Amino acid sequence: MKIVILTGAGVSAESGLGTFRDEDGLWTRYDLEDVATPQGFGRDPALVHDFYNARRQNCLSAAPNAAHDALAKLQKSKRHDVILVTQNVDDLHERAGSRAVIHMHGSLMRALCAGCGATWDAPPVMDHAAPCPNCTAPKTRPDIVWFGEIPYHMDQILHDLATCDLFVAIGTSGTVYPAAGFVDIAQDAGAKTLEINPEPTGGGFDTLRTGPASQAVPDWVETLI
Ligand code: APR
C-alpha cells in the first residue's frame, strides 16, 4: 500500500516544540507578519533571525518522541511505500531515523541566500549580515518557506497524493494551504484518508484516531506492521 503521511506541529508538540495555533502557540506570542513573511524580513532581518535562532535552539535541545519513532519504524519496515511530508521545519523526523523527509516549508537546519538562492547547512546561530558562501552577499535568511511564498517539492507531493492508497494527516490544524487541501486531492484520486489528532479538524477525513501523537501514532503504526 502507498501511504502519504503529512505531519504538522502537533507531531512535535510532545517534544516540547509547541504549536502555532493552540492556546499558547507561537502565533499567539509573535506576529507572523513580522517573523514569517518576506516583508517582515525586509523590515527587520535581525528580529526574524532572533525568532528562528530561538526556535533552532529549542529544536537542537529537543528529542524525537514516540510518534517520530513510530513513523521511522513504519518506513524502515518496508511493509508499505511510505512518503513522509512535513510542514514542520524541525529535524525530529530525521533524528528519529526517517529518511527522504519532504520538508514543504523548509528547514531550521538550512540557510538560504536571498540574493543568489544558494542553500547550506545553517549554523546554530544565524546572522543576516553573514556573507553567502556562494555569492558573498550579506543576505542570509533561514531556508524557511514564509507566508506568500511557494512551498517546496509541490510537484512531487501532488504526484504522490494522486497515486496513493491512503493519506494520513497527523497533528495539523488543516488551516494553511496548500497542505490543508491535500485530503481533498487524495480523496478525489480515490485514496482513503485518516486524521490523527486530539480532536477532529473538520477536514472531511474518512476516519479519525484521536489522542496525542505519542500514543495515537504508535497505536496506528502497530496495525500496519
Ligand atoms: N499530538 C497530536 N496533535 C496535537 C498535539 C499532540 N500532542 N497537540 C496539539 N496537536 C494538534 C492541534 O490540535 C492542532 O490541530 O496539532 C495541530 C497544530 O496546529 P497548528 O498549530 O496550526 O500547526 P500546523 O497545522 O502544523 O500549522 C501549519 O502553519 O504557521 C504555519 O508554516 C506554519 O507549518 C505551519 C503551518
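Predicted, not measured: the structure shown is a model, and the values here were computed from it. Hydrogens, waters and symmetry mates are skipped; everything else that's a heavy atom, side chains included, is used. Ligands are counted one by one from 1 in listed order, and the atoms in each one are counted from 1 as well.
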Atom 7 (N) of ligand 1 has as its nearest protein heavy atom E14 OE2, 3.0 Å
Taking only non-hydrogen atoms of T172 and a 4.0 Å limit, the atoms of ligand 1 in range are 15 (O), 17 (C), 24 (P), 25 (O)
When distances are taken from atom 11 (C) of ligand 1, the protein heavy atom at minimum range is N197 OD1, 3.5 Å
Q) Can N65 and S214 be counted as having a side-chain donor-acceptor contact under 3.5 angstrom? A) no
Quick note on ligand 1: atoms under 4.0 Å from a heavy atom of A213 include exactly 1 (N), 2 (C), 6 (C)
- Item | V11-ligand 1 polar pair, N/O distance under 3.5 Å | no
To atom 6 (C) of ligand 1, the nearest of A180, G8, P151, G10 on a heavy-atom basis is G10
For H105, the atoms of ligand 1 under 4.0 Å from one of its heavy atoms are 32 (O), 34 (O)
Are any of the heavy atoms in G25 under 4.0 Å away from ligand 1?
no
Atom 8 (N) of ligand 1: closest protein heavy atom, distance to 0.1 Å, is A13 CB, 3.8 Å
**Prompt:** So, do S98 and K76 sit near enough that their side-chain heavy atoms are less than 4.5 Å apart?
**Reply:** no
Could you check N88 against T7 for side-chain contact (heavy atoms from CB on, under 4.5 Å), going step by step and ending with a plain yes or no?
CA-CA 7 Å; N88 300 340; T7 60; 4.0 Å; yes
If we number the atoms of ligand 1 from 1 as shown, the ones under 4.0 Å from a heavy atom of D22 are 9 (C), 12 (C)
Exercise. Going by distance only, is there an N or O of F20 that falls short of 3.5 Å from an N or O of ligand 1?
Worked result: yes
Which of H153, E94, R110 passes side chain to side chain donor-acceptor pair (under 3.5 Å) with H103? Answer is E94
Under 4.0 Å from one or more heavy atoms of F147, ligand 1 contributes atoms 30 (O), 31 (C)
- Say whether P198, considering both its backbone and side-chain N or O atoms, lies within less than 3.5 Å of an N or O atom on ligand 1. no
In ligand 1, the atoms that come under 4.0 Å of a heavy atom of G171 are 3 (N), 16 (O), 17 (C), 18 (C)
Looking only at protein heavy atoms, what sits closest to atom 13 (O) of ligand 1 is E199 OE2, 3.0 Å
Within 4.0 Å of some non-hydrogen atom of W27, the atoms of ligand 1 are 30 (O)
